[in-house]
Each structure stands twice: as C-alpha cells, then as structure tokens.
Number of protein chains: 2
Amino acid sequence: MKSTAESGEGPDGFNLEEFLPYRLSIASNRVSRLFAKQYSEQFGLTIPEWRVLAVVGRFGTLSPTSVGQYTAMDKVKVSRAAATLVARGLLKQSPDPKDGRGRLLRLTRKGSTTHNGVVPLAREIEATLAAGLTRAEWTALNKALIKLNEHVMAIEGPDPGEATD
Amino acid sequence: MKSTAESGEGPDGFNLEEFLPYRLSIASNRVSRLFAKQYSEQFGLTIPEWRVLAVVGRFGTLSPTSVGQYTAMDKVKVSRAAATLVARGLLKQSPDPKDGRGRLLRLTRKGSTTHNGVVPLAREIEATLAAGLTRAEWTALNKALIKLNEHVMAIEGPDPGEATD
DNA sequence: CGCAGTTGATTTCATTTACAACGACTCCCC
DNA sequence: GGGGAGTCGTTGTAAATGAAATCAACTGCG
C-alpha cells in the first residue's frame with residue numbers, strides 16, 4: 001500500500017515521509033525501543049533508571065538536581081527512578097549535610113556491579129547502530145544533531161530540556 | 001554545574017552527553033515540543049491529529065490502516081485521532097462499500113480549509129529548523145536518519161514501526 | 001452451506017507521563 | 001532574628017500511551 005504506486009508528491013506537494021521532524025521522531029523511537037528492550041531484558045532497568053545509574057556511576061556522588069541536568073530529565077522522573085533504584089539496593093540516598101533540603105545519591109556495592117555491566121551494554125548498542133552507517137555519516141549525524149539541538153533550544157527558550165524515555 | 005569544570009570523560013570514560021542515542025532522543029523531543037506548541041496554538045491540533053489530517057489531505061480518501069502506515073502510528077492512535085477529528089467536523093468517516101469491516105476517511109470542507117493552513121505551517125517550521133544548519137549538514141542529517149532507520153528496523157525486526165507523538 | 005481462521009477497527013485496562021501543589025528547608029534583607 | 005521569596009525533592013492527580021481483549025465482517029476450505 002505504501003510501497004506500490006504512490007511515493008511522489010501529492011496534490012499539495014507535501015509528503016510526510018520526507019518530512020524531517022517526522023523521520024527524526026521515528027528514528028528516535030526505534031532506537032529508544034531497542035534500548036528499552038535490551039536494558040529491560042538484561043538488567044530489568046527502564047531507560048530513566050539506567051540513565052540515573054550511568055550518571056551517578058560516573059560522578060560518584062550527585063544530587064537529584066544534578067542528575068536531572070546531566071540526563072535532561074525533570075526532577076520528577078529522577079526522583080521516581082532514584083526511588084526504585086534505592087528500593088532495589090542499587091543506590092543509596094543520604095541527606096546532604098550542606099543543605100537540609102538536598103539529598104545525595106551514590107552507588108551501593110551492588111549498584112556498582114550493575115553499573116559495570118550497564119556501560120558496556122550501552123557502548124555495544126551504540127556500536128551496533130554505528131555499524132549501519134559509514135564513519136563519515138555517523139560523525140555527520142552527530143554534528144548535525146548537536147547543532148539542531150542548540151538551534152531548537154535557542155528558538156523555544158532554553159528552559160525545559162527533556163527526554164521522554 | 002554542567003557547563004563548568006566537568007565535560008571530559010569520567011572514570012569509566014562514559015559520557016552520557018556524548019552518547020548518540022541520548023542526543024537523538026533529546027533532539028526529537030525538542031522538535032516535537034516545538035511542533036506540538038505551534039499546532040496546538042494555531043489549530044488546536046495534537047501531533048497525531050495533524051499527521052492524520054496531513055495524510056488524508058494528501059491522498060484524498062484513506063482507510064485508518066493506510067493512515068497508520070503512512071504516519072507510522074499504531075491503529076489505536078489513528079483511531080483516536082480520527083475520532084476527535086470527526087467530532088470536530090474536520091473529517092468524515094464512512095463505511096467502505098468494498099469491505100464491511102473497513103472505514104474510509106476523507107476531509108470535510110472545513111477539514112480541507114484547515115488542511116490548507118496546516119501544511120504551510122509544517123513547512124515553515126521545518127524551514128526554521130533548517131535555518132540552523134548549513135545546507136550540507138541538513139542533507140547529511142536527512143540521509144543519516146534514513147539509513148539509521150533502515151538499519152534499526154533490520155535489527156529489531158521490521159514489525160512495530162511507531163512514532164510517539 | 002458452514003465453520004475455522006484472519007483481518008479491520010474500536011474499546012478496555014494497566015502503566016507511564018506530565019503538571020501542579022505541597023512540606024521542608026535555605027537565603028537574604030530589613 | 002524574623003519573615004518573605006525562592007529552591008529541593010516528593011507526592012497526588014489527570015491525561016496519554018500501548019497491549020490485549022472485543023466485536024464485526026471477510027476468506028477459504030471441506
């Protein structure tokens with residue numbers, strides 16, 4: 001139905017399939033699904049959870065707010081992801097001695113073990129993706145996304161940078 | 001906190017900010033938000049709704065299934081978007097004379113009017129996005145996304161191609 | 001014909017998500 | 001040192017989402 005006759009321009013010359021924002025949305029979705037599947041199967045983690053784990057693992061000790069900045073998730077999502085990670089014993093949450101409102105997140109020993117598995121898997125999946133493109137295409141994609149991000153951010157106001165998954 | 005000292009590699013050399021799937025997700029989100037805002041303000045349409053409208057407007061008469069294929073939305077989303085468009089008088093739904101199970105969607109006069117405004121807005125927003133990149137970067141982005149899409153599709157099985165918004 | 005299997009579309013339900021309000025606390029200026 | 005303004009993190013609530021169940025109608029084969 002899609003692959004048969006029609007594939008050129010319609011009466012108004014508008015073709016959704018060739019529309020970049022649409023392609024971007026689909027690509028992002030497919031990649032997210034791929035990640036979600038892998039992380040769910042191998043570690044029982046959702047994407048917000050592994051992002052928190054990755055960032056805390058990298059920096060050692062972080063406040064939920066900082067985690068939010070590094071992962072581009074809002075504080076609600078961080079809070080909930082952190083809560084389930086704490087419940088599972090992968091993260092420890094303690095009060096911030098410097099600020100009674102704040103909390104500090106760090107890996108437990110168990111969390112550290114998981115983290116050691118999580119990062120390689122991320123790299124592996126990324127490598128799998130990269131394998132579909134030439135090296136030049138891959139770097140071009142990277143650069144274009146960076147520029148696009150900055151540009152859109154400039155347009156809509158820098159405020160609510162956010163990632164859905 | 002993000003823009004200060006830290007920006008190189010962590011102890012494990014993993015930097016979420018430089019991780020392509022992450023960038024892809026954020027870019028897609030920002031762009032989607034931009035679209036959602038514009039379409040909501042100017043036409044009171046959600047993204048699924050304008051996609052349906054765009055596709056039906058282009059092809060004239062379509063079944064919900066076909067709409068789903070063209071827009072990469074699952075049938076539930078199409079069904080709901082179509083229902084609200086019908087309720088608003090932008091779309092008409094009639095039984096398919098060839099197949100009692102099927103329905104046919106087409107624009108009403110009012111829907112046609114809206115469609116005439118919707119497509120230029122899409123083009124305008126796309127142009128705004130493109131303005132942030134050089135022409136070469138833009139085409140590279142397009143090509144890379146196409147390849148990435150095909151590649152991921154090949155990996156995870158061709159089945160549930162889907163767009164979130 | 002009759003019935004088993006399949007497909008088109010909608011509906012239902014459990015889960016996920018965003019948005020808003022909240023309590024606890026800090027900051028700062030009077 | 002007291003009080004308004006702002007921030008940190010959590011919780012509650014309402015909307016959006018996808019998976020599976022449902023219903024109707026077509027197809028094919030005995």
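Chain letters run A, B, ... following the sequence lines, proteins first, then strands; residues in each count from 1.
Here the straight-line distance linking atom NZ of B:Lys143 with atom CH2 of B:Trp138 works out to 15.0 Å at 0.5 Å rounding.
One atom, NZ of A:Lys75, and another, P of C:dA21, lie 13 Å apart when rounded to the nearest Å. Nucleotide D:dT27 holds its P atom 7 Å from the CG atom of B:Asp99, rounded to whole Å. To the nearest angstrom, P of D:dT27 lies 12 Å from NZ of B:Lys98. B:Leu105 has its CG atom 14 Å from the P atom of C:dG8, to the nearest Å. To the nearest angstrom, C1' of C:dT10 lies 16 Å from CG of B:Leu85. Going from atom CD1 of A:Ile47 over to atom C1' of C:dT17 covers 14 Å, rounded to whole Å. Atom CG of B:Asp96 is separated from atom P of C:dG8 by 11 Å (rounded to the nearest Å). Rounded to a whole Å, the NZ atom of A:Lys77 is 12 Å from the P atom of C:dT16.
The two residues A:Leu129 and B:Pro21 have their closest heavy-atom pair at CD1-CG, 4.1 Å.
Using a cutoff of 4.0 Å between basic side-chain nitrogens and carboxylate oxygens, B:Glu137 and A:Lys147 are scored as salt-bridged. With respect to B:Asp96 and B:Lys98, no salt bridge is recorded, no charged nitrogen being found less than 4.0 Å from a carboxylate O.
When each of A:Thr46 and B:Val76 is assigned the nucleotide of DNA chain C with its nearest heavy atom, B:Val76 is the one assigned upstream, toward the 5' end.
In this structure, of C:dT7, D:dT7, D:dG18, it is D:dT7 that holds the atom nearest to the side chain of A:Arg101. Taking every side-chain heavy atom of B:Asp74 into account, D:dG18 is the closest of C:dT10, D:dG18, C:dC25. Relative to the side chain of A:Arg103, the nucleotides C:dT10, C:dA18, D:dT10 differ in distance, and D:dT10 lies closest. Distance from the side chain of B:Arg80 is smallest for D:dT17 among the nucleotides D:dA25, D:dT10, D:dT17.
A close approach under 4.0 Å does occur between a side-chain nitrogen or oxygen of A:Gln93 and OP1 or OP2 of D:dT10.
The aromatic ring centres of A:Tyr22 and B:Phe35 sit 6.0 Å or more apart.
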